[in-house]
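No hydrogens, no waters, no symmetry mates; every other heavy atom, side chains included, goes into these values. Just so you know, residue 1 is the first one in the sequence shown, and it goes up from there.
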Amino acid sequence: MRALADNPKPLALADYQPQSRLTVPTTDITGPYRPFIDAHNHLGPDFGGGWSNRPVSELIDRLDDAHVTTYVDLDGGWGEAILDQRLRKFKQAAPERFCLFGGVDWTKWPEEGDKFGENSAKRLRAQAARGAQGLKIWKNFGLHVRDQNNNLVAIDDPGLDPVWAICAELNLPVLIHIADPVAFFDPVTPKNERWEELHAHPDWQFAPPFPSFTTLIDAFARLIRRQPNTTFIGAHVGCYSENLAWVSALLDECPNFHVDISARISELGRQPYTSKRFFLRHSDRILFGIDAGPDLATYQIYARFLETEDEYFDYGSDVVPGQGRWRIYGLGLPRDVLDKIYFNNANRLLLQTGTITRGA
């Protein structure tokens, strides 16, 4: 011991991979206990495994193995090159297995100016006519999108009211991702809990002149309040999984607001008491999704988190956790709550456009 203390050797953080010596019960779980809807995922090259260039029959076999009844692909975009190709490949092959969302072409704002919102609503109506079943808004909205005057567009910009209105008219849910984890907006110092993740992905750090996290999340709440007839699904636990009290208050205030849990069990699982209260209180407003492609191992980890009371386990399969150096705890949710999260809530919301069949 003295020799170790007298001759310390620096250890790189990436090389520090402690193994837990806890002896606690471990549940061997093969996946969600029932067939389910994955309401937040992708099939494109960036997030979903590149299924655009792989056989759809192979994908359906994988979904069958995982017991996924319907897979929501958020990569549809807005143009014929992407949306129509995906509709032909996936939707025509298995109409009840896939639900594809469209998008907004932000590049047209500078040229269209004050007409952008109205024109985007028309384009979205055309997307819906071709088969898009919802609208996906990605985080470049609020962080990068600029108008005809080169001003950064606020999330609650009234110029986009025609887009939200057409979604209400056509019963198209809006799955919206604004901002990112709060730590991404903090200085990247040794105190930042996402230090490794941000060094691995330096473009994920949003220092000034980007808007602050508070600016973005407050504008997000104003948007939801101002459009009560539009169904919003806040991606990644309403984009604020670090503050479930804030998300809960907005859910209480706005019946048109829902959330999914994709890519955030790392946050939810390290606050298990608060998370369980949140799930029980808002069981009718939470959707299941993993945002990791149709990956069986990830489905198994999510099921372990939701269904068991296992303690202190990895939230991913990487040796060094991808989002932060901590482990999570299971919630052990009751079956009636799990039924809503796994299937009923997404089934109810997406049935508005006739996209998912009834029954599990």
Side-chain angles (χ1 to χ4, degrees), residues 37-48 50-53 56 59-60 63 68-109 112 116-141 145 160-178 223 227 229-235 256 258 260 262 287 289 291 293-294 345-357:
I37 297 169
D38 187 336
H40 184 136
N41 223 315
H42 306 270
L43 293 173
D46 294 331
F47 306 107
W51 285 94
S52 296
N53 299 317
V56 67
L59 172 59
I60 291 174
L63 298 180
V68 181
T69 64
T70 305
Y71 188 97
V72 179
D73 175 26
L74 302 176
D75 293 337
W78 52 84
E80 295 181 2
I82 299 177
L83 177 60
D84 290 2
Q85 185 271 340
R86 290 177 185 276
L87 288 168
R88 286 193 300 270
K89 179 169 184 175
F90 300 110
K91 191 67 176 175
Q92 290 184 13
E96 296 178 359
R97 300 303 296 274
F98 299 103
C99 178
L100 278 70
F101 278 37
V104 174
D105 186 356
W106 302 111
T107 65
K108 293 185 177 294
W109 200 321
E112 294 182 355
F116 175 76
E118 180 181 341
N119 291 342
S120 293
K122 293 177 182 177
R123 287 189 286 267
L124 184 56
R125 184 185 290 276
Q127 291 175 37
R130 299 205 304 274
Q133 298 151 271
L135 172 64
K136 169 64 188 300
I137 300 294
W138 195 57
K139 66 182 180 182
N140 58 337
F141 177 51
V145 175
L160 291 171
D161 285 354
V163 173
W164 317 129
I166 199 68
C167 288
E169 177 188 335
L170 299 178
N171 289 323
L172 297 176
V174 180
L175 200 150
I176 181 168
H177 174 190
I178 62 97
L223 169 64
Q227 301 293 336
N229 297 320
T230 303
T231 298
F232 289 96
I233 304 169
N256 60 320
H258 306 74
D260 72 47
S262 64
L287 282 67
D291 195 21
N345 294 339
N347 197 38
R348 183 185 69 252
L349 290 181
L350 298 177
L351 266 174
Q352 293 177 357
T353 55
T355 62
I356 294 177
T357 57

Are side-chain heavy atoms of Leu59 and Pro294 found at a separation under 4.5 Å? yes

Heavy-atom side-chain proximity of Val104 to Phe141 below 4.5 angstrom: no

Rounded at 0.5 Å granularity, tell me how far CG in Leu175 sits from OG in Ser262. 7.5 Å

Is the backbone N or O of Gln227 less than 3.5 Å from a side-chain atom of Asn256, with the two atoms forming a donor-acceptor pair by type? yes

Does Tyr71 reach the main-chain N or O of Ala39 with its side chain, forming a donor-acceptor pair under 3.5 Å? no

Passes salt bridge (charged side-chain N to carboxylate O under 4.0 Å, His left out), Arg123 versus Glu112? Steps please. CA-CA 13 Å; Arg123 287 189 286 267; Glu112 294 182 355; 2.9 Å; yes

Shortest non-hydrogen contact between Asp260 and Ala235, atoms and distance: OD2-CA, 3.5 Å

Using the rule given for side chain to side chain contact (heavy atoms under 4.5 Å, CB included), can you reason through Leu160 versus Phe116, listing the C-alpha separation, both sets of side-chain angles and the distance that settles it, and then say yes or no? CA-CA 8 Å; Leu160 291 171; Phe116 175 76; 3.9 Å; yes

Exam field: side chain Asn41 to backbone Gly293, donor-acceptor pair closer than 3.5 Å: yes

Looking at every non-hydrogen atom in both residues, tell me the closest pair between Ile233 and Pro173 and how far apart they are. CD1-CB, 4.1 Å

Look at the side chain of Asp73 and the backbone N and O of Leu43, then say whether any donor-acceptor pair between them is shorter than 3.5 Å. yes

Side-chain donor or acceptor of Lys89 paired with backbone N/O of Trp51 under 3.5 Å: yes

Set of residues satisfying salt bridge (charged side-chain N to carboxylate O under 4.0 Å, His left out) with respect to Arg125, sequence neighbours excluded: Glu169

With a 4.5 Å limit on heavy-atom distance, are the side chains of Ile176 and Leu223 in contact? yes

Taking Asp75's backbone N and O only, do any of them form a donor-acceptor pair with Lys136's side chain (distance below 3.5 Å, no angle check)? no

Measure the spacing between CD1 of Ile37 and CG of Leu287 and express it to the nearest 0.5 Å. 8.0 Å

Look up atom CH2 in Trp164 and atom CG in Asn229, then write down how far apart they are to the nearest 0.5 Å. 14.5 Å

Mutual orientation of the aromatic rings belonging to Trp106 and Trp109 [parallel < 30°, tilted 30-60°, perpendicular > 60°]: parallel

Please walk me through it: do His40 and Val72 pass side chain to side chain contact (heavy atoms under 4.5 Å, CB included)? CA-CA 6 Å; His40 184 136; Val72 179; over 6 Å; no

Kindly compute the distance separating CG (Asp84) from CZ (Arg130), expressed to the nearest 0.5 Å. 4.0 Å

For Pro162, does its backbone N or O pair with a side-chain atom of Glu118 as donor and acceptor, under 3.5 Å? no

Do Thr70 side-chain atoms and Glu96 backbone N/O form a donor-acceptor pair below 3.5 Å? yes

Salt bridge (charged side-chain N to carboxylate O under 4.0 Å, His left out) involving Asp161 - partner list, sequence neighbours excluded: Arg226

Quick check: closest heavy atoms across Leu172 and Gly134, and the distance to 0.1 Å? CD2-N, 3.9 Å

Side chain Arg97, main chain Val68, donor-acceptor under 3.5 Å: yes

Quick one: CG on Asp105 to CD on Gln127, what's the gap to the nearest 0.5 Å? 9.5 Å

Identify the heavy atoms of Leu87 and Gly131 that sit nearest to each other, and give their distance. CD2-O, 3.7 Å

Atom pair CD1 (Ile166) and CG (Leu124), whose distance is rounded to the nearest 0.5 Å: 7.0 Å

Could you check whether any side-chain heavy atom of Leu135 comes within less than 4.5 Å of a side-chain heavy atom of Val163, counting everything from C-beta outward? yes

